[in-house]
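Quick notes on the structure that follows.
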Amino acid sequence: MWCGRVALRRLQRIAVAPLNSLSITGGLPGAVQREMSSLPRVYITRQIPPEGLKILSESGQVQFDLWDSDDVPVPRKELLQKVKGVDALVCVLTEKIDAELLDAAGPNLRVLSTMSVGFDHLSLEELKKSILLQLCVCVGIRVGYTPDVLTDSVAELTVALLLSTSRRLIEATHEAKTGGWGTWRTLWLCGYELANSTVGILGLGRIGVAIAERLKPFKVKKFIYTDVAPRPELASLIDAEYVSMDELASQSDFLTVCCALTPETKDICNKDLFSKMKNTSIFINTSRGGVVHQEDLYEALSSGQIAGAGLDVTVPEPLPISHPLFTLNNCVILPHIASASYSTRNAMSALAANNLLLGLKGQPMIKELKL
Ligand SMILES: O=C(O)C(=O)CO
């Protein structure tokens, strides 16, 4: 008991110690080390927010090693080394979980928990193969992810980005600070308002609904959406009409992208879509950069084919500061912060930890990806 309490305090201290790579067994009394070394081994690829680390530390169910930085991702070489023989892995969206990594981890790996709602960094094909390969013992790698807990935060940021883009807030503060603010002018820095507008949602899910709910009080006239098929239950929550992709492009005054990045949606926002949009319309993307053909977007923005774009996601990330999109006044670019609120990131971290512990116990995860 005494040993247990000391060990827990030690774990709590270690979980926040500012070193790059931490192991929660190092420095513990011998008996505790022996007891812990029989626990499942977990590697965490990032210093995730404290709630998740606390859950793992206090569970007494796992021993973990952590890349203890949030400023730089774990180098690939180190990652491949660290995953050798682990039972479970917590990752974030910067880590490619592919055949090479699964090979490096080896057959003990049975749970993968990503602290993200997006899962385009996971090679689902390779993960599915792990199920087939291990069929004789009926186990494969189970995958947890973190939907729902970030919906409010992402929807809120999407609204902020949409308004910043359509009402030209970034340009306006720049003008005010740099001497561009002369007399009050009748058409200076005019933008486009939501009142009486049609808002289009590309990919209607939880986040699209949450965005529409927040935009409705701005007196939006109509919500339209497209997806692989109509989603009547979700659509009825926001009174949205199902339309074709072409209709979405031509009718939307504001077009917001909410679909996941998959082989089917890669580059789906391209020349063809932009050419059908009104030249007064605003394009917003808070899903994944890969759904947009960025050269086509640049053309559409610089030629006046569309009025503006707000992007929280790009390819690559970070987008190099020399990228042409940064030269455009009508393009607002954020560094992938849609879910960046303290409460949401802690909730994501806690959900990732709980998914992992449940997965290791062979129980249903709170949020599990069906492979
Ligand atoms: O969770 C995700 O997929 C993100 O993009 C981070 O919010």
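What you see below is based on every heavy atom in this structure, not just the backbone, and it leaves out hydrogens, waters and symmetry mates. Counting starts at 1 for both ligands and their atoms, in listed order. None of the values given here were measured: they were computed from a predicted structure.
Side-chain rings of Phe64 and Tyr43 stay apart, their centers remaining 6.0 Å or farther from each other.
For Arg288, a nitrogen or oxygen atom sits less than 3.5 Å from a nitrogen or oxygen atom of ligand 1, counting backbone and side chain alike. Not one N or O of Met348 is nearer than 3.5 Å to an N or O of ligand 1, by distance alone. For Arg345, no nitrogen or oxygen atom sits less than 3.5 Å from a nitrogen or oxygen atom of ligand 1, counting backbone and side chain alike.
Shown in contact with Leu93 at under 4.0 Å from a heavy atom are these atoms of ligand 1, numbered in order with element: 2 (C), 4 (C), 5 (O), 6 (C). Atoms of ligand 1 lying under 4.0 Å from any heavy atom of Ser116, numbered from 1 in the order shown and given with element: 1 (O), 2 (C), 3 (O). Close contacts of ligand 1 with His336, meaning ligand atoms under 4.0 Å from a residue heavy atom, involve 4 (C), 5 (O), 6 (C).
Using a cutoff of 4.0 Å between basic side-chain nitrogens and carboxylate oxygens, Arg41 and Asp87 are not scored as salt-bridged. Ion pairing of Asp65 with Lys84 is absent here, as no side-chain N (NZ or NE/NH1/NH2) approaches a carboxylate O to less than 4.0 Å. Residues Asp152 and Arg214 are paired through a salt bridge, judged by an N-O separation under 4.0 Å between the basic side chain and the carboxylate. A salt bridge does not link Glu299 with Lys271: none of the charged nitrogens is closer than 4.0 Å to a carboxylate oxygen.
Contacts between Thr146 and ligand 1, counted as non-hydrogen atom pairs separated by less than 4.0 Å, are absent for every part of the residue.
With 3.5 Å as the limit, one finds a donor-acceptor pair spanning the side chains of Thr94 and Arg46. Residues Gln305 and Ser303 bring no donor and acceptor atom of their side chains to less than 3.5 Å of each other.
Counting protein heavy atoms only, atom 6 (C) of ligand 1 is closest to Ser339 OG, 3.5 Å. Scanning all protein heavy atoms for the shortest distance to atom 1 (O) of ligand 1 gives Val117 N, 2.8 Å.
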